[in-house]
S.K.: 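I'd like to ask you about the structure that follows.
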Amino acid sequence: MVATETKHQTDLPNGGVAPTRAGRAVLSAAAVQSTALGAELWVAADTLITPLAREEAERRRITLRVGDVPAASAIPAAAPAPSPDASRTVAVGADHGGFELKTLLKAYLAELAYTVTDVGCFSPEAVDYPDLAYAVARLVADGRAVAGIIIDGAGIGSAMVANKVPGVRAALCYDLSTALNSREHNHANVLTLGASLIGPGLARQIVKTWLETPWGGGRHAKRVAKIMQVEQRFLKS
């Protein structure tokens with residue numbers, strides 16, 4: 001079981017669609033900008049979609065859907081609603097190789113007073129790590145969690161998947177030094193762990209160090225900005 005994508009319906013008065021003089025609705029770039037990265041945006045069949053809106057949708061990897069939104073997804077277009085306290089919400093996910101460690105870390109996160117959003121898996125039955133890594137990364141990118149933790153056998157594949165999601169900076173950490181460095185120097189917002197490489201005790205220490213280490217300013221922030229500039233070049237291409 002993984003977290004599903006949110007679909008948005010664009011409708012007056014809150015959907016960011018303005019009526020033209022002839023009564024025809026127009027989808028603006030601003031409305032697209034308020035939609036979550038990678039989401040689906042539904043508009044009425046007669047809506048005029050501006051060129052800038054189409055360009056913005058392509059940049060944000062938003063799929064424009066024309067027609068009546070499915071009833072189950074009929075909600076106003078807006079950025080996903082944040083958790084009651086997103087600043088203390090951590091999204092967690094694991095494949096079957098990381099299921100046991102995830103269970104232990106969820107309890108530890110509760111001890112640290114974090115709210116946990118668990119996207120799965122929920123049993124040792126084999127699953128594909130890209131699905132879980134993507135689900136965690138989306139929650140972080142959409143602002144519904146302040147950080148994400150993904151666990152698979154080695155932690156490498158999940159880091160690769162998470163880093164494909166715009167806005168995510170995932171780091172594989174295997175000791176306290178990499179945990180501290182990934183936060184202070186690289187502003188990591190997703191942590192990946194290899195359950196076959198570290199034990200539960202070290203995993204808890206890494207998680208605590210990682211969550212409690214603030215992002216560094218100065219030269220570190222400048223260099224992270226350059227990382228994000230690289231991402232933006234490809235989003236605009």
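Not measured: the values here are computed from a predicted model.
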S.K.: Quick one: which residue pairs count as a side chain to side chain donor-acceptor pair (under 3.5 Å) with a foot in residues 184-194, not counting sequence neighbours?
M.R.: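 Those involving residues 184-194 do not exist here.
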S.K.: Side chain to side chain contact (heavy atoms under 4.5 Å, CB included) for Val92 and Val136? Distances and angles first, verdict last.
M.R.: CA-CA 6 Å; Val92 300; Val136 170; 5.7 Å; no
S.K.: Output, in order, the C-alpha distance, side-chain angles, deciding distance and verdict of side chain to side chain contact (heavy atoms under 4.5 Å, CB included) for Val90 and Thr115.
M.R.: CA-CA 6 Å; Val90 177; Thr115 299; over 6 Å; no
S.K.: Using side-chain contact (heavy atoms from CB on, under 4.5 Å) as the criterion, point out the one residue from Val127, Asp128, Asp131 that pairs with Asp95.
M.R.: Val127
S.K.: Glu231 side chain to Gly167 main-chain N or O, any donor-acceptor pair under 3.5 Å?
M.R.: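 Confirmed, Glu231 side chain pairs with Gly167 backbone.
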S.K.: Only counting residues at least two apart or in another chain, list the ones meeting side chain to side chain contact (heavy atoms under 4.5 Å, CB included) with Ala162.
M.R.: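 Counting only residues at least two positions away or on another chain, Ala162 forms a side chain to side chain contact (heavy atoms under 4.5 Å, CB included) with Ala137, Ile150, Val168, Ala170, Val190.
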S.K.: Hydrophobic clusters join Ile, Leu, Val, Met, Phe, Trp and Tyr when side-chain heavy atoms are under 4.5 Å apart, directly or via other members; which others share one with Met160?
M.R.: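 Cluster partners of Met160: Ile156, Leu172.
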S.K.: Ignoring hydrogens, what is the shortest heavy-atom contact between Leu132 and Val119? Give both atom names and the distance.
M.R.: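 Heavy atoms of Leu132 and Val119 come nearest at CD1-O, 3.6 Å.
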S.K.: Measuring from Ile151:CD1 to Ile198:CD1, what's the distance to the nearest 0.5 Å?
M.R.: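 Answer for the CD1-CD1 pair, Ile151 versus Ile198, is 8.0 Å.
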S.K.: Provide the full list of salt bridge (charged side-chain N to carboxylate O under 4.0 Å, His left out) pairs with a residue in residues 206-218, sequence neighbours left out, each pair given once.
M.R.: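 As it turns out, the salt bridge (charged side-chain N to carboxylate O under 4.0 Å, His left out) pairs with a partner in residues 206-218, which skip direct neighbours, are Lys208-Glu212.
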S.K.: Ile206, Tyr114: one ILVMFWY side-chain cluster at the under-4.5 Å cut-off?
M.R.: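 Yes, one cluster joins them.
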S.K.: What pair of heavy atoms forms the shortest contact from Val146 to Ser87, and how long is it?
M.R.: CG1-O, 3.5 Å
S.K.: Under 3.5 Å, sequence neighbours excluded: what are the donor-acceptor pairs made by side chains of residues 104-112?
M.R.:
unit_1: Lys106; atom_1: NZ; unit_2: Asp118; atom_2: OD2; d: 2.9

S.K.: Please tabulate, one pair per line, all N/O donor-acceptor pairs under 3.5 Å involving side-chain atoms of residues 223-230, not counting sequence neighbours.
M.R.:
none

S.K.: Any side chain to side chain donor-acceptor pair (under 3.5 Å) involving residues 166-183? Give me the pairs, sequence neighbours left out, ordered by first then second residue.
M.R.: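 Those involving residues 166-183 are Asp175-Thr178, Ser182-Trp210.
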S.K.: Could you pull out the closest heavy-atom pair between His220 and Gly216, with the gap in Å?
M.R.: CB-O, 3.8 Å
S.K.: Which heavy atom of Pro200 sits nearest to which heavy atom of Leu101, and what is that distance?
M.R.: CA-CD1, 4.0 Å
S.K.: Can you see which heavy atom on Gly153 is nearest to which on Ser196, and at what distance?
M.R.: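 Nearest pair, atom of Gly153 first, then Ser196: O-OG, 2.5 Å.
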S.K.: At what distance, to the nearest 0.5 angstrom, does OG of Ser123 lie from NE2 of His96?
M.R.: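 Between atom OG of Ser123 and atom NE2 of His96 there are 10.5 Å.
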S.K.: Can you name the closest pair of heavy atoms from Thr117 and Thr89 and give their distance?
M.R.: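 The pair with the smallest heavy-atom distance is OG1-CG2, 3.5 Å.
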S.K.: Tell me whether Asp152 contacts the main-chain N or O of Ala154 through its side chain, where contact means a donor paired with an acceptor under 3.5 Å.
M.R.: yes
S.K.: Is there a chain of hydrophobic side chains (I, L, V, M, F, W, Y, each step under 4.5 Å between heavy atoms) that links Leu211 to Leu191?
M.R.: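 Shared cluster, yes.
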S.K.: Kindly write out the residues that satisfy side chain to side chain contact (heavy atoms under 4.5 Å, CB included) with Pro124, not counting sequence neighbours, or none if the list is empty.
M.R.: Phe99
S.K.: Between OG1 of Thr209 and CG of Leu180, what distance do you get to the nearest 0.5 Å?
M.R.: 7.0 Å
S.K.: When rounded to the nearest 0.5 angstrom, what distance separates CD1 in Ile149 from SG in Cys173?
M.R.: 10.5 Å
